[in-house]
Amino acid sequence: MELALGRERKKVVVIGGGVAGSLLAKSLQFLADFTLIDEKEYFEIPWASLRAMVEPSFAERSVINHRDYLTNGQIIASRAINVSDTEVLTATGRLIPYDYLVIATGHADRVPKTKTERLGQFQEENQKIRSANSILIVGGGPTGVELAGEIAVDYPDKKVTLVHTGSRLLEFIGPKAANKTLNWLESRRVEVILEQSVSLNNISDGSKTYQTSEGGTFEADCHFLCTGKRLGSAWLKETVLENSMDVNGRLMVDENLRVKGRKNIFAIGDITNIPEIKQGYLAQKQALVAAKNLKLLLAGGKESKLATYEPHSVMALVSLGRKHGVAQFPLTTISGRIPGLIKSKDLFVGKTRKQLGLEPHPVHD
């Protein structure tokens with residue numbers, strides 16, 4: 001769909017350069033006066049970060065500078081701190097006007113600003129794993145489970161303990177998938193402690209004794225905290241969108257992915273209140289629907305033609321090391337090498353890079 005010649009280009013601003021924001025940015029960069037606002041200079045494929053902790057070179061492909069795929073438009077490496085009906089204010093004091101705004105700030109993540117610094121972090125985390133004989137993982141959601149799997153496969157001599165407050169692992173999916181995951185971890189000598197928590201107060205890197213909520217103690221050379229992250233929406237509470245969030249801090253959107261009551265503000269990814277599990281591949285689907293709708297609006301199309309987004313039923317793929325995995329589909333649950341073939345070998349990194357118009361394997365000079 002071509003934009004009318006001679007018409008002043010509309011200003012489109014995207015806040016957040018994660019899974020959803022980066023794909024939408026790539027899709028719209030040549031169709032508007034485009035700006036991406038993100039507090040870091042890169043997009044990181046989040047589900048690949050655990051592999052990068054045991055194999056730091058993997059991050060060369062999974063951490064991608066925004067400018068590598070966003071060859072047009074403006075990139076502002078700063079936090080957004082306020083939104084009015086017409087402008088976005090950044091932490092560095094810049095006011096960025098918009099005709100259309102997309103909020104894709106996902107979850108709040110404390111990561112460095114540059115790719116070089118982020119790659120350095122993976123090297124440090126890898127050294128922490130390599131130099132430890134025993135490792136504690138706190139949290140039995142997908143992050144904790146996948147990290148335990150990566151360490152158990154790449155470093156089978158390490159003593160890995162996973163502590164989780166819930167009655168089973170992976171509570172966002174069904175018990176059958178959780179049980180298969182538990183059996184796999186235990187077969188790799190990972191000790192799983194359920195329905196208990198660990199106090200990390202007063203724990204320094206030099207301290208090796210941890211205490212559980214039941215009063216038990218055990219030793220570990222280091223720990224990794226793999227519990228849920230805060231939503232990246234706290235900054236919206238003092239903005240024109242303060243009444244557009246639900247009680248959980250998620251932006252309420254309509255079937256076209258526009259913030260309810262707003263004609264020109266969209267929200268995509270984990271920050272929305274869409275009733276489905278928050279997973280990267282769904283954030284990508286939302287980004288493509290929002291991009292389609294923005295293309296229509298930018299070209300002066302009718303609102304009646306806007307595409308709708310339908311919430312998806314639970315489908316989950318959890319990788320267990322490099323060759324195995326657990327997959328839950330709407331009608332069945334499978335584990336072993338087949339789900340491993342689907343996800344675990346490359347963790348969809350090549351596919352995600354191709355979606356951004358990049359080579360699956362970057363060529364180094």
Side-chain angles (χ1 to χ4, degrees), residues 17-19 22-23 26 38-71 77 109-137 142-160 185 188 190 205 221-226 229 280-281 284 317-325 337 339-365:
V19 175
S22 61
L23 183 56
K26 188 261 177 187
D38 189 28
E39 56 188 313
K40 57 194 185 335
E41 296 174 0
Y42 56 89
F43 159 55
E44 179 177 339
I45 302 173
W47 54 86
S49 62
L50 306 168
R51 176 71 48 84
M53 288 168 67
V54 299
E55 182 190 338
S57 61
F58 198 76
E60 293 282 354
R61 296 172 58 227
S62 63
V63 179
I64 302 162
N65 280 320
H66 289 313
R67 190 49 84 193
D68 288 351
Y69 66 89
L70 207 60
T71 55
D109 227 349
R110 288 186 178 177
V111 291
K113 188 171 185 176
T114 70
K115 176 176 177 175
T116 301
E117 290 173 296
R118 186 66 175 123
L119 295 182
Q121 270 191 341
F122 285 124
Q123 292 284 357
E124 289 171 13
E125 288 169 336
N126 179 248
Q127 188 55 46
K128 185 172 156 183
I129 292 169
R130 288 161 65 99
S131 60
N133 292 314
S134 53
I135 298 164
L136 166 65
I137 295 171
T143 303
V145 164
E146 291 192 347
L147 179 58
E150 294 286 347
I151 296 173
V153 167
D154 276 28
Y155 300 99
D157 295 332
K158 309 281 186 195
K159 167 64 177 158
V160 179
L185 288 172
R188 300 305 189 281
V190 175
D205 283 338
D221 294 328
C222 67
H223 73 270
F224 292 97
L225 183 61
C226 298
K229 298 169 184 169
Y281 80 98
Q284 290 170 330
L317 274 168
V318 177
S319 67
L320 298 170
R322 294 172 183 268
K323 294 181 179 177
H324 296 84
R337 287 185 177 265
L341 284 170
I342 298 171
K343 178 183 179 183
S344 301
K345 185 178 180 183
D346 191 55
L347 301 175
F348 302 130
V349 169
K351 180 180 178 183
T352 304
R353 290 179 61 88
K354 283 170 75 174
Q355 283 180 305
L356 293 174
L358 302 172
E359 289 293 326
H361 294 270
V363 179
H364 296 291
D365 295 331

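The structure places CG of D154 at 12.0 Å from CE of M53, a figure rounded to the nearest 0.5 Å. For the atom pair F43 CZ and Y69 OH, the distance stands at 7.0 Å (nearest 0.5 Å). With rounding to the nearest 0.5 angstrom, the CD atom of E55 is 11.0 Å from the CD atom of E60. Taken to the nearest 0.5 Å, the OG atom of S49 stands 6.5 Å off from the CZ atom of R118. In this structure, CD1 on I151 lies 5.5 Å from CZ on F224, to the nearest 0.5 angstrom. Here NE2 of H223 is found 11.5 Å from CD1 of I137. Values are rounded to the nearest 0.5 Å.
Without hydrogens or angle criteria, S344 side chain to S319 main chain gives no donor-acceptor distance under 3.5 Å. Formation of a donor-acceptor pair under 3.5 Å by the R51 side chain with backbone atoms of G321 is found in this model. Counting only distance, with no hydrogens or angles, the side chain of D221 and the backbone of S134 share a donor-acceptor pair below 3.5 Å.
The shortest non-hydrogen separation linking L320 to V145 is CD2-CG1, 3.8 Å. What you find for G17 and H66 is that their closest heavy atoms are O-CE1, 3.4 Å. Among all heavy-atom pairs drawn from P339 and L317, the shortest one is CB-CD2, 3.9 Å. Minimum interatomic distance between A132 and K158 (heavy atoms only, all atoms of both residues): O-NZ, 2.7 Å. Between L70 and K26 the shortest heavy-atom distance is CD1-N, 4.0 Å. Nearest approach of W47 to G280, heavy atoms of both residues: CZ3-CA, 3.7 Å.
The environment of R67 atom CZ is dense: over 12 non-hydrogen atoms of other residues, nucleotides or ligands sit within 6.0 angstrom.
Between D346 and the choices R61, K351, R322, the side chain to side chain donor-acceptor pair (under 3.5 Å) rule is met once, by R61.
Remark: A48 pairs with I45, F58, S62, L347, V349 by the side chain to side chain contact (heavy atoms under 4.5 Å, CB included) rule, at least two apart or across chains. In this structure, the salt bridge (charged side-chain N to carboxylate O under 4.0 Å, His left out) partners of K40, at least two apart in sequence or on a different chain, are D38.
Residues E117 and T114 bring a donor and an acceptor atom of their side chains to less than 3.5 Å of each other.
Taking 4.5 Å as the limit, every side-chain heavy atom of T352 sits out of range of all side-chain heavy atoms of L23. Looking at E146 and C226, their side chains never come closer than 4.5 Å, going by heavy atoms from C-beta outward. Using a 4.5 Å cut-off on side-chain heavy atoms (C-beta onward), Y42 and L119 make no contact.
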**OP:** List the steps, then state whether side chain to side chain contact (heavy atoms under 4.5 Å, CB included) holds for H324 with R337.
**Re:** CA-CA 5 Å; H324 296 84; R337 287 185 177 265; 4.0 Å; yes

